[in-house]
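Scroll down for the structure; my scribbles are underneath it.
Numbered from 1 within each chain, the chains take letters A, B, ... in sequence-line order. Predicted model only: the values in this text are computed from it and were never measured.
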2 protein chains.
Amino acid sequence: MNATIDRSLVSALPLFSRMSDAELDDILSMAVSRRYAVGTSVFEQGQAADQFFVLLYGRLRVTQVTPEGQQIIIRMVNPGDLFGIAKALQRNDYPGTSMAVAESVALAWPMTCWDEILERHPSLTINAMQTMGGRLQEAHTRLRELSTEEVERRVAHTVLRLANQSGKKEAGGVRIDFPVSKQDIAEMTGTTLHTVSRILTAWESAGLVEGGRRKLLLKDPHRLLLLGDGHVPGLL
Amino acid sequence: MNATIDRSLVSALPLFSRMSDAELDDILSMAVSRRYAVGTSVFEQGQAADQFFVLLYGRLRVTQVTPEGQQIIIRMVNPGDLFGIAKALQRNDYPGTSMAVAESVALAWPMTCWDEILERHPSLTINAMQTMGGRLQEAHTRLRELSTEEVERRVAHTVLRLANQSGKKEAGGVRIDFPVSKQDIAEMTGTTLHTVSRILTAWESAGLVEGGRRKLLLKDPHRLLLLGDGHVPGLL
DNA sequence: CGGATTGTTGAGGATACTCAAGTTAGGTGG
DNA sequence: CCACCTAACTTGAGTATCCTCAACAATCCG
């Protein structure tokens, strides 16, 4: 809700790379910044897509609910990520719900600006396309995992992906630096929280991870990688 | 390998919509057309990505092989589709293999033209982005299906998707108009050819489909849709 | 006609789900 | 600050789905 947003907030983001100050100002002049408390949603599935966003701080979880009421996590949104770009998906509504799992701040643009911005700023268009390319690749990776791997390996890969995207080095390992529940992990891997609980318990006994209520610390990422790649037998 | 490619071949494609004749000619002047016999590959997984393509006629299957040797089908390429755009995925190699399942013709551009073309033709950039958006949505749909649905429903959805993309109305139903094996369907749904065989046999007894060696005719798409959406019990 | 590819079907078993009961941790209000 | 309440998690038992293994049948192609 600021009058003007400072260039320095975004100038380092890959999305805005190779843009002049003037271009940045042009784009930022159309944006407002918004704060989202933990547990609040930025937008909800099915809602008219009237804005798109860039996350500045915090962490969001994007979910979809099936007609039967099962939920799956499409992805986590990390600082610097573009999200809510329904227009690029050729949609008028948001296909999922995005909810803050940590205190978050995002820039918001009216969706009506989308075409205009792309037209006026070709380098941003290319960056946005690369963003989508990266996401497409991640989706294919997950498809491959879901199609071919057993649960334990899928959980290993999922947990390693989380660590790569939102891990923070810490004494004794890499911590996922936002609250993750077993249910969350289940919804990312296509399994149940029961199975995730059993797997993490086994891993904990083996010294691979350290769990806790919505906490996760990877104590031995290397061994997890071996497990995920099937070079080492599972622990169940 | 033609000297020049005629505008009429591509002017109707969504990818090239809203482009002037001059723009089209500029783009086409950099392309060559190529023919691919059934069973030949356009490019292979891991190979240096030196070209990107648009399919004019025919049908391609894009697969990935896991380190363990299991294969999955990432998608089918239909006429008009852009494919092999490794650059947009920020890659220097092709992440999968694309192989002709029907006699095919594609236009090919040197990958070095990619940035240049995007720069010179903003409307094509936007169209390409929409292509990627559509693909991202399809990937998310498949993720949701793999995560939450049992095999029979996944097969129903997969088969209906095939019909929508490459179905041809025919006396008695909708025919998938290229050869599809049970193995193919298995690789699209994350199951085995055995399970697919059992499911299709059951469906055939119920008058839902008509199978055959690499053939598939949907006799009752509506009932298949109900089955896929869980509004009707499965037949296994 | 023969070989190869594709598909069928059965039996048995493993993975992971469901159902169920309980425990622990954390937050909240008195 | 403690008691309570709820959300998150644990663990066990039973079972369903679907995979694996195996043998065979049908179809296509040269």
*Send over the distance from B:D184 CG to C:dT6 C1', rounded to a whole Å.*
11 Å
*Please report, rounded to the nearest Å, how far the C1' atom of C:dT9 is from the CG atom of B:L193.*
12 Å
*Quick one: label A:R198 by what it contacts on the DNA or RNA (base, sugar-phosphate, nothing), any heavy atom closer than 4.0 Å.*
base
*asked:* Distance check needed: D:dC9 P versus A:W203 CH2, whole Å only.
replied: 15 Å
*N/O (side chain, B:T191) to phosphate O (OP1/OP2, D:dC18) under 4.0 Å*: no
*Do B:R75 and B:F83 come within less than 4.5 Å of each other through their side chains, counting heavy atoms only?*
yes
*Does B:R213 or B:T195 map to a spot on DNA chain C nearer the 5' end, using the closest nucleotide for each?*
B:R213
*A:E138 and A:Q165: side-chain donor and acceptor closer than 3.5 Å?*
yes
*How about A:R35 and A:E103: do any of their side-chain heavy atoms sit closer than 4.5 Å?*
yes
*Contact nearer the 5' end of DNA chain D, comparing A:V196 with B:Q70*: A:V196
*Find the distance B:I199:CD1 to D:dT17:P and express it as a whole number of Å.*
12 Å
*Can you establish whether the number of heavy atoms outside A:N78 located under 6.0 Å from its atom CG is more than 12?*
yes
_Between C1' on D:dT27 and NZ on B:K182, what's the gap in Å once rounded to a whole number?_
13 Å
*On DNA chain C, nearest-nucleotide positions of A:E152 versus B:S197: which is more 5'?*
B:S197
*How close or far is atom C1' of C:dC17 from atom CG of B:L146, stated in whole angstroms?*
17 Å
*Would you mind classifying the nucleic acid contact of B:G190 as base, sugar-phosphate or nothing, using non-hydrogen atoms under 4.0 angstrom?*
sugar-phosphate
*asked:* Checking contacts here: which listed nucleotide (C:dG26, D:dC18, C:dT6) is nearest the side-chain heavy atoms of B:S181?
replied: C:dT6
*Please state how far atom CZ in A:R214 lies from atom P in C:dG26, giving the value in whole angstrom units.*
12 Å
*asked:* Does B:G211 reach a base, just sugar-phosphate, or nothing at all? Heavy atoms under 4.0 Å.
replied: nothing
*Is any side-chain N or O of A:T192 closer than 4.0 Å to OP1 or OP2 of C:dA16?*
no
*asked:* Given the structure, check if the side chain of B:H194 and the base of D:dT20 hold any donor-acceptor pair shorter than 3.5 Å.
replied: no
*Among side-chain atoms of A:Q137 and B:R91, is any donor-acceptor pair under 3.5 angstrom?*
yes
*Please report, rounded to the nearest Å, how far the P atom of D:dC9 is from the CD1 atom of A:I185.*
8 Å
